[in-house]
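Structure record follows, encoded as structure tokens.
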Amino acid sequence: MSETNSSPVASGTGGAPSAEAAAPHRYTAAMAADIEARWQDFWDADGTYEAPNPSGDLAGDADVVARPKKFIMDMFPYPSGAGLHVGHPLGYIATDVYARYQRMTGHNVLHTLGFDAFGLPAEQYAVQTGTHPRVSTEANIENMKIQLRRLGLGHDKRRSFATIDPDYYKWTQWIFLQIFNSWYDESAGKARPIEDLVAQFESGERATPTGRPWSELSAVERADVLGGHRLAYASDAPVNWCPGLGTVLANEEVTADGRSERGNFPVFKANLRQWNMRITAYADRLLDDLDALDWPEAIKLQQRNWIGRSEGARIDFTVDGDDDARITVFTTRPDTLFGATYMVLAPEHDLIDSVLPAEWPEEARGKDAWTGGAATPAEAVAEYRKQAQTKSDVERQTEHKDKTGVFTGAYAVNPVTGTRIPVFVADYVLMGYGTGAIMAVPGQDERDWEFAEAFGLPIVRTVRPPEGWEGEAFTGQGPAINSANDEISLDGLEVAEAKSKITEWLVAKGIGEATINFRLRDWLFSRQRYWGEPFPIVYDEDGVAHALPESMLPLELPEVDDYSPRTFDPDDADTQPETPLSRNAEWVDVELDLGDGVKRYRRETNTMPNWAGSCWYELRYLDPHNADKLVDPEVERYWMGPREGQPHGGVDLYVGGAEHAVLHLLYARFWSKVLYDLGHVSSAEPFHKLFNQGMIQAYVYRDARGFPVPATEAEERDGRFFHGDEPVRRELGKMGKSLKNAVTPDEIAAEYGADTLRLYEMAMGPLDVSRPWDTRAVVGQYRLLQRLWRNVVDETTGEVTVVDGEPDEATLRALHKAIDGVGQDMEAMRFNTAIAKITELNNHLTKTGGPVARSVAERLVLLIAPLAPHIGEELWRRLGHSGSVVHQDFPVADPAYVVDETVTCVVQIKGKVKARLEVSPAIADAELEALAVGDPAVVAALGGAGIRKVIVRAPKLVNIVPA
Ligand code: ANZ
């Protein structure tokens, strides 16, 4: 860095007019604005926050590279048109403070911020206004950068980018192709290039699904076979189709009541050809690797539940009267097989049509509940399917809802009891889980019990419930009952023993096997949107998908006039998506040479979901300008590679909201693992340590009609709240424009300065706890900075007032205790208590009066610099230093001054002094009494006599009266 390229010397023109007259050099909002602007310019010109890479275009100072590294990251923002309110930067300030502390304790720190900029709001704005989403998004980014810059965040700006930059999404597309061109080799437990699989088919080492030799398969057949293995593949699967939005949605984007998370439109199940990512291949590793991550337990638990591993068995049931038909079920309770009194198929199950008899069997006659009043099983099932289509999976599974269903007219045979059991179709069984078919055991399963009651089906208990248990299923542990035939008996066995015994028996019979089932589904990866990454895929005349070669990346979005997907009547399930890109014939129909001569192709017209860009952005921060590689391997290993205590590598600290527990974090972990398997990166996990910050909440004031009134206009009188003369209700809610309670960082910075804002946000409470914003309380941190300033600078003359020489003993103690405590708090991200300790030290100096010793003032400035970097720089410079405070060493406490001061406590027995103890002046009575009676000299003096009474006058005197 050079000292001359900018000259941030105080101009001394700060201060509001009135304050200026009395004290022209007081720390005021105007002076803060002046200081902050100058240092922000200095940092930019100086490149103060630039972290050197070990090699490549960002290579730098070898001494800095040799330090231990810290890669500190925020969940990057979506650049919304509304800009930032004070709730948004909470995490950014926290990571900035932490990053600054790490720089001062000898680390090479990478901290930067990009923008997650594809997504719907810009597209919807474009649809409404005709402005290209790129134009509005880039304007929003510029605006947000200005807001963020004012906060004094120490970002390495060379490393920032937006996911919409073609230089960035080129690599998103490239990763898609890596995933498309690979398959999961179960025997190796990892992804491998698809050519390896082709070689196995070619050599005959692996048989094709039909058994025909590979060389005899047509191109279309080969593509189908490979599609069954690729980690990115297109398939016709039931997906969530939302006609109101005109797009399909991932399961994660559908609410519990079956509507779109955004827009609240109905969502239907429809079979559509869509791209998917085979994340299920990684289910085990995504579970196992969680153990070594330093994440909040609650988030790990959510991921575990989402992946949902269940151990159980598959069991085949024969269909009565049709020797070839088998219904295979997945069950976690094979031990209850003797109690399976009916079966259920999901409404979408493709076996249904083949088991339906033409007419109702004798047993169904007169049972309207079973037949739904329909003339034939086929009619009944068709009618029922129509109803089921409109419900979401969650709705279908909700407990204690009335169970619905319809009899198929078919019977299966329970393999252990030999009984004929009726087969139903019911929507409480989902197609996407297990095999989409269940054996129903009403005695042990609550949902089956409810269904059995509703349809008059037999209930047989196979686990003995506790005494007096009646009228409901028993799902607990207990000995098996009613579970024996001529060949096998489970009676008396506990659940676990019974499970393994029956599973062994089923395996021996060839009608079952032990299996593990996951709740996790493959990730639906295509959207009918304009403003997303185009797929680097084209289709030939036979409809076979081909990857574009790397040389044709990035495949840029075409310019269009119409950004909207076609939307439909939200309730019309029989509609089909139409993508915005499909309406651009010149872009869609192309002639390309993919290596075998120029041919005609049709481009994929779906785009990627907005999760794609955030699946790998940590890697691009490392090497943002690399034109040949996603990231240079040496650079990646340096910042992300495995370390002691971080066996899978990853970012050292990732801070963001807990709402991303499943989606983003799971997808990013999955992409990391694929890139790791294919040898592109050394880290198998993206984020080693995760921290979820709390939310900044705000008061909402509502009038009698429930409408929010502007929070700034609400007044408190005698504990009640008013808007003008009208009483209003106060409640705690989110901050935002719609609730008329948004406070912007710009307003607060204008009133007090950004350093005050930073301190206030960090002082509000522990970082992971949500807290209400209170503009009136901000001034407390402003006063802290004013007192700090006054302890160093004369408000009238502007002269630095510190003196050389040794501080007194009490000041040394206050100083070193603060250094010790603040260091520990910084390490543990307890910024609120760090600020409390700095305040205490600063107050001590104010109270002591007189000029402050230079050695104390300097260290105080170093302590506060990570939290309030502008005033930190300014005071450091005024104290006569030429360099930036950013790279100074954080102060180290002298242990001699950290230990508490002690006082001497006299211990008497019957008024005679027997011992003296050195204790803390703050010692509690009970502790002092325990110390006194346990003292060896006291024990000796008592000589075994008991104690009648102890009189404690902490901290100086203990008097013992023996029995
Ligand atoms: C018989 C049984 C008896 C069951 C019993 C449970 C208790 P988890 O633990 O979530 O994996 N099931 C299987 N596939 C289903 C589907 N597609 N839709 C709805 N339910 C399905 O749950 C596995 C259990 O959920 C399975 O074990 C099955 O019911 C049901 F006393 O089989 B069980």
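Position 1 is the first residue of the sequence, and the numbers go up from there. Every number for a ligand or one of its atoms is a count from 1 in the order of the listing.
Protein heavy atom in closest approach to atom 31 (F) of ligand 1: Q444 CB, 2.9 Å. Given atom 3 (C) of ligand 1, the protein heavy atom at minimum distance is T336 OG1, 3.4 Å. Scanning the protein heavy atoms around atom 25 (O) of ligand 1, the nearest turns out to be R447 NH2, 3.9 Å. Nearest protein neighbour of atom 11 (O) of ligand 1, counting heavy atoms only, is Y433 OH, 2.4 Å. For atom 10 (O) of ligand 1, the closest non-hydrogen atom of the protein is R519 NH2, 3.1 Å. Of all protein heavy atoms, the one lying nearest to atom 28 (C) of ligand 1 is F330 O, 3.8 Å. Atom 15 (C) of ligand 1 has I438 CG2, 3.6 Å as its closest protein atom, hydrogens excluded (heavy atom only).
Those atoms of ligand 1 that come under 4.0 Å of a heavy atom in V441, given as number and element, are 1 (C), 3 (C). Ligand 1 places these atoms under 4.0 Å from at least one heavy atom of T332: 9 (O), 11 (O), 23 (C), 24 (C), 26 (C), 27 (O). Here is the list of ligand 1 atoms found below 4.0 Å of a heavy atom in V429: 16 (C), 17 (N), 18 (N), 19 (C).
Taking the six-membered ring where the residue is Trp, F525 and F176 present parallel rings, their angle staying beneath 30° rather than reaching 60°.
Residue-to-ligand polar distances place S310 within reach of ligand 1: an N/O pair is separated by less than 3.5 Å. The shortest N or O to N or O distance between T331 and ligand 1 is under 3.5 Å. Checked against a 3.5 angstrom limit, the closest N/O atoms of L430 and ligand 1 fall inside it.
Applying side chain to side chain donor-acceptor pair (under 3.5 Å) to N606 and the options R527, Q528, R273 leaves one that passes, Q528.
Taking the centre of each ring, F455 and F407 stay at or above the 6.0 Å mark.
Closest heavy-atom approach to atom 29 (O) of ligand 1 within the set D445, N517, T475: this belongs to D445.
Stacking of R420 on the aromatic ring of Y411 is recorded, both the 6.0 Å distance cut-off and the 45° axial limit being met.
Counting non-hydrogen atoms of neighbouring residues, nucleotides and ligands closer than 6.0 angstrom, the NZ atom of K190 reaches no more than 12 such neighbours.
Distance alone, capped at 3.5 Å, places no donor-acceptor pair between the R529 side chain and the S526 backbone.
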Subject >> E685 vs R669, salt bridge (charged side-chain N to carboxylate O under 4.0 Å, His left out): CA-CA, chis, key distance, verdict >> reply: CA-CA 6 Å; E685 284 285 340; R669 295 183 62 214; 2.8 Å; yes
**OP:** Tell me, with the steps shown, if Y654 and F691 meet ring pair (Phe, Tyr, Trp, His ring centres under 6.0 Å).
**Re:** CA-CA 6 Å; Y654 191 38; F691 188 96; over 10 Å; no
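Within the structure, ligand 1 lacks M431 among the residues with a heavy atom less than 4.0 angstrom away.
The pair R333-D445 fails the salt-bridge criterion, with no side-chain N (NZ, NE, NH1 or NH2) lying under 4.0 Å from an Asp/Glu carboxylate O. Ion pairing between a basic and an acidic side chain is recognised when a charged N comes within 4.0 Å of a carboxylate O; K689 and D294 show such pairing.
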